[in-house]
Structures are given as structure tokens and as C-alpha cells.
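Below, chain A is the first sequence line, B the second, and so on; all start at residue 1.
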Protein chains: 4
Amino acid sequence: MPKIVDHEQRRQELLDAMARVIVRAGIEGATTRAIAKESGWSTGSLAHYFSDRDDILSSVLRYSHERIKARWAEKLADLHGLAALRELILDNVPLDEERQAETRLEMVFWSQALNSAELLEIQRTEASDLYDNVRRVVEEAQGAGEINETVPVEEATERILALIDGFSLHALLYERRLTNDMIVRMVDTELALLRAGYPAPADH
Amino acid sequence: MPKIVDHEQRRQELLDAMARVIVRAGIEGATTRAIAKESGWSTGSLAHYFSDRDDILSSVLRYSHERIKARWAEKLADLHGLAALRELILDNVPLDEERQAETRLEMVFWSQALNSAELLEIQRTEASDLYDNVRRVVEEAQGAGEINETVPVEEATERILALIDGFSLHALLYERRLTNDMIVRMVDTELALLRAGYPAPADH
Amino acid sequence: MPKIVDHEQRRQELLDAMARVIVRAGIEGATTRAIAKESGWSTGSLAHYFSDRDDILSSVLRYSHERIKARWAEKLADLHGLAALRELILDNVPLDEERQAETRLEMVFWSQALNSAELLEIQRTEASDLYDNVRRVVEEAQGAGEINETVPVEEATERILALIDGFSLHALLYERRLTNDMIVRMVDTELALLRAGYPAPADH
Amino acid sequence: MPKIVDHEQRRQELLDAMARVIVRAGIEGATTRAIAKESGWSTGSLAHYFSDRDDILSSVLRYSHERIKARWAEKLADLHGLAALRELILDNVPLDEERQAETRLEMVFWSQALNSAELLEIQRTEASDLYDNVRRVVEEAQGAGEINETVPVEEATERILALIDGFSLHALLYERRLTNDMIVRMVDTELALLRAGYPAPADH
DNA sequence: CATGAATGAGTGTTCATTCAT
DNA sequence: TATGAATGAACACTCATTCAT
């Protein structure tokens, strides 16, 4: 029993190290040696906790999402409706260094997933978690009358998710152009839009 | 007289091959040998056209943007205001296979740019091109009364750019969730929003 | 517990292999693979003991001199004055196969040092060791009255060093012309010259 | 006829370029491209004048000696005996930049010859030219009474040749230690020694 | 369980050489 | 004759992985 706890704890130590290395040096810098050095353990040790490098990679992806999800659970515990939605969105956007690191990690996995069926599957599963959460909160807010009843839930959810990743990406790549202030302001505009209801699209 | 070769044409041939390899196999699959094989030339030949792998990489990024920009120029030639904006947005979203390939390429460079000052610089320069184009068309549309005069141009531009990349990303990663139809519908919603003007944000 | 390896011993094993390869095939034949093969280890193993090929090269140069110096120390322990000088000179001339191999190694590094600041520095440091030894013994012999008091120590030292390398070089390149007998005879002539004192130079 | 002249002239142009590259960058820097660039001709041109890189190398060695020999012929034309010997020695020692370049070239070929039967043969042939010249002048001087009749010609010749290369080597490698003044002084000491006759060697 | 030495395939790159023009 | 594009073997080096201790 205590051994199992140690095992899991050691895995997390190694995954933390791996995540730090990826954030600092990218996927190409995340060599076995670099991870081992960052973690303080030997390269041979990794083999006891992960079957190979791909296993480490997918584990990092899962682990990162677990931490993010745990944070949501805590933050959303006492919030409801639009307030919860706002918190959820802002929690998924790189407004501070911790969130920036998470986004860097995400970005690496976006492209990695394109060439790995396993990573893609994980990515999709994890993404559907966020999707479900956003959608649930949107529905809740709509049920509570905070979101206009004409707003289609699915579209609202997709727009929000697109904005989250779009802002995240641009915040990292074009940091001088897209400031935190602008992101927060645009998030609030989106929330106001949900309150007011989407305008009817024109013909084309 | 020696064999005369159109240097620029050969470079493009090689860059096309490189882009195909990256799209198919990712950045890690884009080895010198894979590029050579895909292009039908030998590894040694690459040295005549590029100084090293980094040079190939950054050239691919630049080349891809050149093609995209050339396409805009053509498409936007006869369009103005909102119609031009709609075309520009839809042209930057992976609605067909060609555009999907471009997005895959983009995604690879997003994460590569995080660990390469040179790629980041190129990425920023190219991104500012799109920014300028979107902003110009938005201003034009606003001048023509197609966009509500209360809409802040900068914010509108950033929202659109975020949506473009957010939709692009999700279309590739979560293709079954985010369909082309939905993307087009959401783009039109965004345009309608610009016509109607942003709602006033609530307090927090 | 991991396999425990005597790092220094393994380094010397590899350096010995490297020296053998250089002696046999020259600097251009001393490829990573050739060294690995000669040593019986894999190419990847070299990386554990040397940072790169330049490191191997400079280490070989240093290592070779260490062995030579250790031999002097032993040989000169009980000798003094002219007898010590004679021994020192003869020990630095390729009279047997072992010494021939050392000279071949030396010759390779002479030209390598011309294009490598690091090798040149090592070469100079090691050369000054021999200079100091020769000079010390000459002074000792002069103090003991074995060398004429009019002989300038610096000039005597330089002549001896020049003769050592000149004989070494010619013994290897023109082995049929310059025999061991001749070398020994000329060394003894030089020692006799030191006893007798240099003749006064004529005017020019 | 004029074509043949052109051919030979072109060869020399290329050999000059090759020699400059070797002196500047060593044997490893003397790539086909570097030679072509230095000469101002294309890499393909080299093939018209030399069969391969080895041919270039051995031609450079021969060419360099031809120039040196031509210089001797001129310098020694009006000199005889010890005066001629002194001139010959000083002409073969790197007292000025031109001679330094020649010595650098020599040094490269010393080690190259150890692993190339062809280069070794050339080296020996060329070296015997210098040997013959030195020996001839020594005999002449001895015949004229300038050199003591007890001096063995062969040994005198070998000593001189060893000193020439020893001084040359040390002048390049240990330039701050072995100055031109010292070299000239030691050469004159050697000449004085020839006048005075070698001292009788002691027993060992 | 932990180590780190050892592996050898694979990498980007360079090179002398060939050859169609 | 002169060119320089093209070649592909060879290079130094790195890497994920294995395994005896």
C-alpha cells in the first residue's frame, strides 16, 4: 500500500519535471536525459515508471489536465451561471505565469496530437471535459435567465472554446499585441453577448 | 555551359516537399532524408538551396504565408467591406483539404516558434500581415456603415483573429465535433454582431 | 547498484586506441568509428568519456606527454649531468618502435596545432616541460664542470631541442638515410661539443 | 602550343590557391570548394587539371619545392663554400613570412607523407635534393679549406638538415621562444663548428 | 528499486567526385 | 574548356532504450 503511494508520487515528480522541460525547451528539448536531470533521478529510473517516451508524453498530457480539472472543481464549487462561466474561461487563458506554462504545454500537444493517434484520443477526451463543463454552465446560466433564451447552446459553447484557445495562442505568440486587459475585456463582451442574445445573421 | 536551374523554382519545389512531409509526418518526421525522398532529390542537393535544416524550416513558414497572401490578394481584389471580411475569414479556416494542410503546417510552427527566436519573429511578422488586412477591412466596412460605429476596431480585429485560429485548431483536432457548417454559421454570427454593435458589458 | 567503471582507466583505454589509430591511419583515418572499433567499444560509448572529437584529440596529446614525462622521471631518477642529458635526448628520439609511434603522433599534432589554438596551447605547455628538463640538466652539467663554462645555456638548450625534433622527423621520413647509429653518433658529437665549448663564430 | 602554356599556367594558379588555402586553413580546410573559391575557378574546373584531390596534394608538394629550388639556384649562383652554405641554410628557415608559409606547408606534408606512399616518395625525392645541395656545398667548402678536414661530410650534412627542420618547426610552434636572432646565431655557431672541426666524442 | 554504462540506429551536414550542358 | 548542379557515402554526434550490477 505505501509502495503504491510512493510509486504514484514518483510518477508525478517525473511528470512535473517532464512538463517543466517541455515548457522550457519544447518537445525536442525533452530528451530522456533532460527529464532525468530535471527530476534529479537517473535515466534508468524512468523505465520503472513509464514504458517508453510516448508513455511519458501521454502521461504528461493526462496529468496536466487532471491538475487543471482539479482547479476548476475548486473554483467552480461556489459559483453558478455566468459567474461560473466567466471564471472557467479566465481560468483557461494564460493571464499569469502558471497558466502560460499550461498553454505552452497545450500548444506542444496540439501539434503532437496530429501525428499520434494515442495523443489525439487523449486530447479529444480531455477537450470534451472542458466542452462539457462550459456547456453545462451555459445551460445553467440560460436556465437561470442570465443567458438569452434564443442563444443556441452548442454554438455558444463552440464560440467560447474557440475564443479561449485563440486568445491563449495569441497571448503567447503575440504577447505585446494581445494584453491581459484586452482578453478580459473581450471575455466580458462575449458574456454580454450571451446576455443580450446573438443578432440574427444577414443573408449572403 | 552548365546545367541551368531556376534556383527559386527549385527552392519552391523543395519547400513544397518539405511542407507535405511536415503535414504528413509532423516536424519530427521531417528529416533531411524524408524531405529529400519526398522531393525526389538527394540529401546533398538540399545544401545547394538551404544552408541548414533551420533555414528550410523558416523558409517553409515564409513560403506558406506567401502563398496564402497571394490568394488573399486575388480573392479580395473585387470585394469590399463585410463581404471582403467574410471571404478573408473563411479563407483562413480549414474548410477544405488545402486549407487543412495549411492549418496543420501552422500548428506545427505555433509550437516551434515558442523555442526559436527566428521562427517567432517570422510568425509575428506574418501574423501582423493578417492583422493588418483584417483591421483594414473592418475599418473599411465601418466607414461604409456596414459595421456599427460603436464597435472598437482593435477589439473586433482581435476577436476575429482569435476565432479564426480557435476554429482552425478545433476543426482539425475535433473534426467530428466542429463541422464546417457550424464554423460558417458562427462566422456569420460574428459578422451580424459587428453590424449590430457589441452589447455593453455588465459589471463584475 | 550500477556497473561501476573506472572512468580514468576507460578514458586511457580509449586514448590508447585513439593513439594507435592515429599512428596507423593518420588524423584523417581517426574517425569516431575507427576509434570505436579499435577500442572495441561502440561509437556512442565515446560520448561518456569525451565531449567531442576535439576533446579526444587534445586528450590524446596530453596523455601521450604524460606517459613520456613519467618515463623521463623514472629514467632520470639516478642520472645527473651529461649522462642524464644523453639519456633524455636518446629517450626523445625514435630509436625503437615505441618511440617511433610517439614521434608519428607528435608529427600529426605539429601540423594540427597550426590550425587549432587549443592544440597549440597544449603543445606549447608540453614543449616547455621538455625545454625545462633539458635546460635544468644542462645547467646541472655545467655546474658540475661537465659542460664548458662558456657555453650559453639557452642556445645549448635550443640546439638540442632542434636536433631532437630534426632527427626524429628525418628518422621517420628518411629512415634509410638516417640510421639509429648515425643519430647516436651525432648526439655524442653534440655532447662532446658541450664539453669542449662552442667555437667562436666568424664574421659575415 | 599556346594551349599547353595556358594549361600549365592554370595548373600553377590552382596550385598557388591550394597552397594558400593549406597554409591558411590546414589540410582539413583545403576542400575542393575552398580551393576553387580561392582560385576564382569552379570546382568542376579542377577536374580538367588534376585527376583527384590526391593529385592536387602531391602536385602542390612538388610545385612548392620547384619554387624553392629555383630560389636556391639564383641565390647560390655567385656564392661558394661556407658563404653558400650559410645562404642555403638561412633560405630554408622561416625568417620571413614567405618562408613561414613554406614551412607551414612542409609541416602539413610531413604528417601527410606518413600515410601516403606517394607523398612519402615525393617528400624523399625532394628532400634528397636539399641533401645533395648541402652536401655538395659542404664538400666544396671542405675542399677550399673552409671546413676542417676532419669533419665527416655525411654527419655534417645530416646535422645541418636536422637543425634546419628543427629550427623551422620550433620557430613556428614556439615563436616567442625561438627568435630569428637566435636562429641566425646558432647557424653561425654551426658554421664555426665546421671550421673548427668536431670535438672527439667521449666514451659512454 | 535504482543506477548509469553501453548500445547502435538515426540525425544534420559535408565532401570529393561526376557529368549534362 | 568550363560550369555548377547533383550525388550519396561518410562524418561527428545524439538519442531512446536496455540491462548487468
Can you find a side chain N or O atom of D:His48 that sits less than 4.0 Å from OP1 or OP2 on F:dA2? no
Check the side chains of B:Arg11 and B:Ser59 for a donor-acceptor pair under 3.5 angstrom, ignoring hydrogens and angles. yes
With no hydrogens and no angle check, is any side-chain donor or acceptor of A:Arg53 less than 3.5 Å from a backbone partner on A:Ala30? yes
Atom-to-atom span, OH of C:Tyr49 to P of E:dT7 - whole angstrom: 9 Å
Give, for atom CD of A:Glu66 and atom CZ of A:Arg62, the distance between the pair rounded to the nearest 0.5 Å. 8.5 Å
Length of the line joining C:Asp52:CG and E:dT11:P, which is rounded to integer Å: 22 Å
Hey, is the side chain of D:Arg10 poking within less than 4.0 Å of OP1 or OP2 on F:dT1, counting only N and O atoms? no
I need the CD-C1' distance between A:Glu28 and E:dG10, as an integer number of Å. 15 Å
What's the closest nucleotide to the side chain of D:Trp41 if the choices are F:dA16, F:dA2, E:dA16? F:dA2
Rounded to whole angstrom units, what separation is found between the CG atom of A:Leu46 and the P atom of E:dT3? 10 Å
Options E:dA2, F:dT7, E:dA5, nucleotide nearest the side-chain atoms of C:His7: E:dA5
Between A:Ser45 and E:dT3, is there a side-chain N or O to OP1/OP2 distance below 4.0 Å? yes
With the side chain defined as heavy atoms from C-beta on, A:Ala47 is closest, among F:dA9, F:dT18, E:dT18, to F:dT18
Using modelled atom types and a 3.5 Å cut-off, is there a donor and acceptor pairing between side-chain atoms of A:Thr125 and backbone atoms of A:Glu121? yes
Parallel, tilted or perpendicular: which fits the ring planes of C:Tyr49 and C:His7, with parallel below 30° and perpendicular above 60°? tilted
Distance criterion of 3.5 Å, no angle test: do you see the side chain of B:Arg33 paired donor-to-acceptor with the base of E:dG10? no
What is the distance, to the nearest angstrom, from the CG atom on C:Leu14 to the C1' atom on E:dT7? 14 Å
Starting from the 5' end of DNA chain E, give me the residue, A:Ser42 or B:Gly44, whose nearest nucleotide shows up first. A:Ser42
Applying a 4.0 Å non-hydrogen cut-off, can you work out what B:Thr31 is touching in the nucleic acid: base, sugar-phosphate, or nothing? sugar-phosphate
For F:dA20, the nucleotide meeting Watson-Crick or G-U wobble distances (both under 3.5 Å) is E:dT3
Scan every strand shown for a Watson-Crick or G-U wobble partner of F:dC13, both distances under 3.5 Å, and answer none if you come up empty. E:dG10
Check the distance between F:dA10's P and C:Arg53's CZ and give it to me in whole angstrom. 16 Å
Grab the NZ-P distance between A:Lys37 and E:dT3 for me, whole Å please. 16 Å
Figure out the CZ/C1' separation between B:Phe50 and E:dT13, and round it to whole Å. 15 Å
